Amino acid sequence: MKIIRKQLYNLEWNYPFEQVCPAGKAVFMDIETTGFVARSSRVYLIGCIVREENCFTAYQWFSENNEDEVNILRSFADFVKDDAFIVHFNGNHFDIPYLDEKFVQYGIDCCLSRHDGLDLYRRIAPYKSFLKLPNCKQKTIETYLGILRRDVLAGDELIGVYLHYVSEPNEYDRDLLLLHNLEDIEGLVQILPILAYVDLFNRPFTVTKVQANYYNDFSGSPDQELVMKIKLDTPLPIQVTEQANRCLFTGLDTSCTIKVPIYSGELKYFYSNYKEYYYLPEEDVALHKAVAAYVDPAHRVPATAATCYTRKCSEYLPEWSPVLEPFFKKEYNSRESYFELTEEIKQDRELFTRYAEHILQMIINSI
């Protein structure tokens, strides 16, 4: 067994990781195995990065022969503290259950699944489409963030390299194996800034400015939109632009912009208790029966859900779930609803923060 220790002075995580856990408890971990099933394969390399003093340090436990597996497992189990916070990439699906089964196999008192931790894959995967990623592999995320590797081998190629090393130990094969694992665990630290996009949808932000923008559409007709400026606590490392239902989001660093079309015109407010109303077809309005009782019966009919409304001409903002009531529609069966953009609402910064969150959720649910 070999234990390789290397201080990584140039490695930074560029993300406020204290939001996740105390820095001293984080263990960034990845393993290399000869197969996917613990009972019929071996783990030959366990790598982790921890924060020690003012820099990161990498540890790698390398099995040099078939008998070394138990030795690297025991040594790693002794290294991991009870309060360690395990950071991994899809480790809940593979690395952690694999190692836990190995610990049971050799009677080693360690169980990683009992530790608190962060699975970066599961945290990032829901936002793959928002970021326009072709897949959610670790190397794909590294490429998205501009992180370059020296390692050129895929995980399945390593198995052959390791088996060759066991039969004919040589420095070249060993360095290939160690480099791949080292760049895997370094990558766990380097891709942490991708969590800023997760924070965008899950942590509070501040709307700093709201204004109306007037412009001419493609046909030359005058139109207007609401522009909300947002300040984030966690900077977005790469510019992202996404749109849905004519709403546009653009973000980079700590500054984001959301643009929403303003509807100017007449909309309808539908009363829910339509059985208590009459509809007046000639006036295209619904009146409560207490008032409509004075209307000539020839000019009124019982209201239905689709005809029980009052009309109002104003400026409106769209909503896809209730943000503010009362809400208005173009027609009863219209999927899109609106709330009125009143002078009072224009001064409500807290409301616009909720509205910006609403638009973001609509966008990510639409792509």
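Worth knowing before you read on, the calculation uses all heavy atoms, side chains too, and leaves out hydrogens, waters and symmetry mates. Predicted model only: the values in this text are computed from it and were never measured.
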If you measure only the distance, is there a donor-acceptor pair under 3.5 Å linking the side chains of [X] and [Y]?
{"X": "E69", "Y": "Y106", "result": "yes"}
{"X": "E142", "Y": "Q138", "result": "yes"}
{"X": "D223", "Y": "Y214", "result": "no"}

How close do [X] and [Y] get, heavy atom to heavy atom, and via which atoms?
{"X": "Q7", "Y": "C55", "result": "NE2-SG, 3.9 Å"}
{"X": "V189", "Y": "E12", "result": "CG1-O, 4.0 Å"}
{"X": "I3", "Y": "S75", "result": "CD1-OG, 3.4 Å"}
{"X": "R354", "Y": "V323", "result": "NH1-O, 3.5 Å"}
{"X": "T34", "Y": "I159", "result": "O-CD1, 3.7 Å"}
{"X": "F327", "Y": "S337", "result": "CD1-CB, 3.9 Å"}

Check [Y] with [X], please: is the shortest side-chain N to carboxylate O separation under 4.0 Å?
{"X": "E336", "Y": "K330", "value": "no"}
{"X": "D233", "Y": "R203", "value": "no"}
{"X": "R149", "Y": "D151", "value": "yes"}

For this session: May I ask you to check whether Y197 and Y127 place their ring centers less than 6.0 Å from one another?
Result: no
Exercise. When the ring centroid of Y309 is compared with that of F270, is the distance short of 6.0 Å?
Worked result: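 So the answer is yes for these two rings.
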For this session: Only one of F17, F85, F89 passes ring pair (Phe, Tyr, Trp, His ring centres under 6.0 Å) with F28; say which it is.
Result: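 That would be F17.
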Problem set entry | Matching residue for F328 among Y263, Y316, Y338 - test: ring pair (Phe, Tyr, Trp, His ring centres under 6.0 Å) | Y316
Heavy-atom side-chain contact between [X] and [Y] under 4.5 Å:
{"X": "L45", "Y": "L158", "answer": "no"}
{"X": "L182", "Y": "Q60", "answer": "yes"}
{"X": "E325", "Y": "F339", "answer": "no"}
{"X": "M29", "Y": "L112", "answer": "yes"}
{"X": "Y121", "Y": "C136", "answer": "yes"}
{"X": "C110", "Y": "F76", "answer": "no"}
{"X": "I49", "Y": "Y59", "answer": "no"}
{"X": "Q19", "Y": "T234", "answer": "yes"}

Exercise. Do you reckon I31 sits in the same ILVMFWY cluster as I4, going by side-chain contacts under 4.5 Å, direct or chained?
Worked result: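 No, because I31 and I4 fall into different hydrophobic clusters, even though each may have its own neighbours under 4.5 Å.
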Exercise. Cluster question for you: counting only ILVMFWY and a side-chain heavy-atom cut-off of under 4.5 Å, with indirect links fine, are F103 and I86 together?
Worked result: yes
Whether over 12 other heavy atoms sit under 6.0 Å from [X] [atom1]:
{"X": "E350", "atom1": "CD", "answer": "no"}
{"X": "N135", "atom1": "CG", "answer": "yes"}
{"X": "K139", "atom1": "NZ", "answer": "yes"}
{"X": "K259", "atom1": "NZ", "answer": "no"}
{"X": "D109", "atom1": "CG", "answer": "no"}
{"X": "D116", "atom1": "CG", "answer": "no"}
{"X": "R174", "atom1": "CZ", "answer": "yes"}
{"X": "R5", "atom1": "CZ", "answer": "yes"}

Problem set entry | Distance (rounded to the nearest 0.5 Å) between H299 NE2 and E282 CD |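 If I round to the nearest 0.5 Å, the distance is 5.0 Å.
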Problem set entry | Atom pair NZ/CG of K231 and D253 - distance to nearest 0.5 Å |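 Separation between the atoms: 8.0 Å.
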For this session: Determine, step by step, whether F130 and F249 satisfy the side chain to side chain contact (heavy atoms under 4.5 Å, CB included) criterion, reporting the C-alpha distance in whole Å, the side-chain angles of both residues, the deciding distance to 0.1 Å, and the verdict.
Result: CA-CA 11 Å; F130 180 76; F249 170 84; 3.8 Å; yes
For this session: May I ask you to decide if R150's main-chain N or O and E183's side chain share a donor-acceptor pair within less than 3.5 Å?
Result: yes
Problem set entry | Worked check of side chain to side chain contact (heavy atoms under 4.5 Å, CB included) between Y44 and Y165 | CA-CA 11 Å; Y44 63 86; Y165 175 85; over 6 Å; no
For this session: Tell me, with the steps shown, if N170 and H164 meet side chain to side chain contact (heavy atoms under 4.5 Å, CB included).
Result: CA-CA 9 Å; N170 63 89; H164 182 261; 3.9 Å; yes
For this session: Show the numbers, then the answer: is there a side chain to side chain contact (heavy atoms under 4.5 Å, CB included) between R42 and S63?
Result: CA-CA 10 Å; R42 298 192 304 276; S63 173; 6.0 Å; no
Exercise. Taking the six-membered ring for Trp, are F62 and Y162 parallel (under 30°), tilted (30 to 60°) or perpendicular (over 60°)?
Worked result: perpendicular
For this session: Just say parallel, tilted or perpendicular for the rings of Y355 and H358, cut-offs at 30° and 60°.
Result: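 Taking H358 first and then Y355, their aromatic rings lie parallel (interplane angle under 30°).
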Exercise. Which residues pass the side chain to side chain contact (heavy atoms under 4.5 Å, CB included) test with A356, sequence neighbours left out?
Worked result: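 F205, V207, M228, I230, I258.
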